[in-house]
Amino acid sequence: MKWILYILFALLYLIVTFFGLGPVLFADGSTAERMVTLVVVLLVYVLITLWLRSVLKRLRHR
């Protein structure tokens, strides 16, 4: 069961990386726009990580 969870979260991280960091690295917008996008992407990474930790904690206490 845990390996399915790890695969799903790995896919989630890959999707965020592809669609989040792509615009930061390759967009033709201003530097300010890129930095705002980078901050949002980093916040999404933090939220996904906190979510994963909470799910793993719940599974451990079962």
Side-chain angles (χ1 to χ4, degrees):
M1 175 66 182
K2 267 190 180 178
W3 61 275
I4 295 173
L5 184 69
Y6 286 124
I7 290 173
L8 289 175
F9 273 89
L11 288 172
L12 193 57
Y13 279 112
L14 286 172
I15 289 169
V16 170
T17 300
F18 182 75
F19 289 109
L21 291 182
V24 172
L25 297 174
F26 302 116
D28 56 352
S30 69
T31 303
E33 289 176 21
R34 288 175 156 191
M35 291 303 111
V36 169
T37 305
L38 179 61
V39 168
V40 170
V41 170
L42 292 176
L43 279 172
V44 170
Y45 280 135
V46 168
L47 291 174
I48 291 172
T49 302
L50 292 174
W51 184 27
L52 175 60
R53 288 182 60 168
S54 105
V55 170
L56 288 174
K57 187 183 260 189
R58 271 190 249 139
L59 285 177
R60 199 174 322 132
H61 289 292
R62 273 188 159 185

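Keep in mind that what you see is a predicted model, and the values were worked out from it rather than measured.
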Exercise answer: donor-acceptor pairs, residues 52-61 side-chain atoms, under 3.5 Å, sequence neighbours excluded:
from : atom 1 : to  : atom 2 : distance (Å)
S54  : OG     : W51 : O      : 3.4
S54  : OG     : R58 : NH2    : 3.2

>> Run the ring pair (Phe, Tyr, Trp, His ring centres under 6.0 Å) test against F19 and tell me which residues pass, sequence neighbours left out.
In response: none
>> I7: which residues meet the side chain to side chain contact (heavy atoms under 4.5 Å, CB included) condition with it, sequence neighbours left out?
In response: W3, L11
Contacts under 3.5 angstrom, residues 36-49 side chains, donor-acceptor by atom type, not counting sequence neighbours:
from : atom 1 : to  : atom 2 : distance (Å)
T37  : OG1    : E33 : O      : 2.9
Y45  : OH     : T17 : OG1    : 2.5
T49  : OG1    : Y13 : OH     : 2.6
T49  : OG1    : Y45 : O      : 2.8

